[in-house]
Amino acid sequence: MTSPDALVRSGTASGVTTLTLDSPHNRNALSTRLMTELIEGLAAAVADDAVRVVVLTHTGPVFCSGADLKESAQAYATGTLPAGMLGDVLAAVRECPKPVVARVAGPARAGGLGLIAAADLAVCAREATFAFTEVRIGVIPAVISATVLPLLTPRAAAELYLTGEKFDGARAAEIGLVTAAVPAEELDAKVAAYCAALVQGAPRALAGAKELLARPAPADLRTELAALSGLSTGYFLSEEGLEGVMAFREKRPARWVPAAQ
């Protein structure tokens, strides 16, 4: 059960765990405490076999304002900045074996964009705004580049990294930062539709598909095809593969599809 004073709240229904950033007083800034709770929430979702999908969302008007600059200023004396923990957060999201969907109803800045990019799918309100504001305070978007740059075109990345200018949800979708941008009143329905589709997938197969998406470009095509053929055969012969084929032939839901609630 989530603590009453938690900065990240967790709830699960119909195979979907929702992790809610709940620190609106500082625009859901990435403080050490919030990042610690987010990592713990992700770990709990991974450990729970009933959880099939993780949704990352927020309270308040802002999705995430980036690093907690107040905490950063106080930490200068020790040299241990909260930004140093951001890599662990992005890795936890990216390496989660279950699909992660970011629901972005409001603005995101700096490190918040790294969090969005780390998710497998991201849906934002068209009215939401985004900006890589790091250069305007004398720093650079270093850590988040690991998740952001693989998604963006080089020209878009150069423009937005160097200018720090704001852009809207439609532009975020155009350049690949988010999967879809929709009117604010349609945001929850779009997220729910993605979740409903994701829970149809077999847990091991979803994790394997995520590994495929992260697979580096092959140096030799035939060697890669041979490896992938073996991988494909293994999945077809697995317990999930046998059940999935049988369920398809029998025109029924596979065993892993959560019962409607």
Side-chain angles (χ1 to χ4, degrees), residues 2 6-31 34 37-38 41-42 45 52-68 89-90 93 96 98-133 141 144 147-148 151-153 156-157 159-160 163-200 261:
T2 304
L7 299 185
V8 177
R9 302 192 179 280
S10 177
T12 301
S14 300
V16 179
T17 284
T18 300
L19 298 177
T20 303
L21 307 184
D22 190 17
S23 185
H25 70 281
N26 65 355
R27 302 187 301 162
N28 291 317
L30 296 169
S31 64
L34 184 143
E37 291 183 14
L38 181 53
L42 284 165
R52 308 293 306 291
V53 179
V54 177
V55 171
L56 183 59
T57 185
H58 60 104
T59 61
V62 176
F63 174 77
C64 177
S65 59
D68 186 334
V89 174
L90 299 185
V93 175
C96 178
K98 302 175 182 184
V100 178
V101 181
R103 174 194 173 277
V104 184
R109 298 289 184 269
L113 277 70
L115 198 55
I116 293 168
D120 299 293
L121 301 176
V123 185
C124 74
R126 287 178 185 162
E127 300 84 351
T129 62
F130 306 84
F132 297 97
T133 52
I144 66 171
T147 58
V148 169
L151 302 180
L152 305 190
T153 63
E159 174 198 351
L160 299 171
T163 67
E165 287 289 287
K166 288 193 301 185
F167 54 101
D168 63 13
R171 181 81 194 282
E174 175 191 333
I175 63 177
L177 179 65
V178 301
T179 311
V182 299
E185 63 271 18
E186 298 176 15
L187 181 61
D188 288 334
K190 187 67 171 177
V191 171
Y194 274 129
C195 290
L198 290 167
V199 298
Q200 301 294 314
Q261 293 183 357

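The analysis underlying the following values was restricted to heavy atoms, covering all of them including side chains, and did not include hydrogens, waters or symmetry mates.
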Are side-chain heavy atoms of Cys195 and Val55 found at a separation under 4.5 Å?
-> yes
May I ask you to test the Leu198-Leu121 pair for a side-chain heavy-atom distance under 4.5 Å?
-> yes
From [X] atom [atom1] to [Y] atom [atom2], the distance as rounded to the nearest 0.5 Å:
| X | Y | atom1 | atom2 | answer |
| --- | --- | --- | --- | --- |
| Leu19 | Arg9 | CG | CZ | 12.5 Å |
| Leu177 | Leu152 | CG | CG | 6.0 Å |
| Leu7 | Leu30 | CG | CG | 11.0 Å |
| Thr59 | His25 | OG1 | NE2 | 10.5 Å |

Nearest heavy atoms of [X] and [Y], plus distance in Å:
| X | Y | answer |
| --- | --- | --- |
| Ser10 | Thr17 | OG-CG2, 3.7 Å |
| Val8 | Leu38 | CG2-N, 3.8 Å |
| Cys64 | Asn28 | SG-O, 3.3 Å |
| Ala170 | Ala181 | N-CB, 4.0 Å |
| Lys190 | Ala180 | CE-CB, 4.1 Å |
| Thr179 | Asp120 | OG1-O, 4.4 Å |

Ignoring hydrogens and angles, state whether a donor on the side chain of Thr20 or Thr57 is under 3.5 Å from an acceptor on the partner side chain.
-> no
Under 3.5 Å donor-acceptor pairs involving side-chain atoms of residues 104-117, not counting sequence neighbours:
unit_1: Arg109; atom_1: NH1; unit_2: Thr129; atom_2: O; d: 3.0
unit_1: Arg109; atom_1: NH1; unit_2: Thr129; atom_2: OG1; d: 3.3
unit_1: Arg109; atom_1: NH2; unit_2: Thr129; atom_2: OG1; d: 3.0

Can you label the angle between the Phe132 ring and the Phe167 ring as parallel, tilted or perpendicular, going by 30° and 60°?
-> parallel
Carefully, step by step, assess Glu165 and Arg171 under the rule salt bridge (charged side-chain N to carboxylate O under 4.0 Å, His left out).
-> CA-CA 12 Å; Glu165 287 289 287; Arg171 181 81 194 282; over 6 Å; no
Show your reasoning for whether side chain to side chain contact (heavy atoms under 4.5 Å, CB included) applies to Phe63 and Cys124.
-> CA-CA 10 Å; Phe63 174 77; Cys124 74; over 6 Å; no
Would you check, one step at a time, whether the test side chain to side chain contact (heavy atoms under 4.5 Å, CB included) holds for Arg103 with His58?
-> CA-CA 8 Å; Arg103 174 194 173 277; His58 60 104; 4.3 Å; yes
Would the number of heavy atoms belonging to other residues, nucleotides or ligands and lying under 6.0 Å from NZ of Lys98 be above 12?
-> yes
Under the side chain to side chain contact (heavy atoms under 4.5 Å, CB included) rule, what do Asp68 and Leu34 come out as? Steps first, then yes or no, please.
-> CA-CA 10 Å; Asp68 186 334; Leu34 184 143; over 6 Å; no
For side chain to side chain contact (heavy atoms under 4.5 Å, CB included), just list the numbers for Leu160 and Ile175, CA-CA rounded to whole Å, side-chain angles, deciding distance to a tenth of an Å, and then say yes or no.
-> CA-CA 11 Å; Leu160 299 171; Ile175 63 177; 3.5 Å; yes
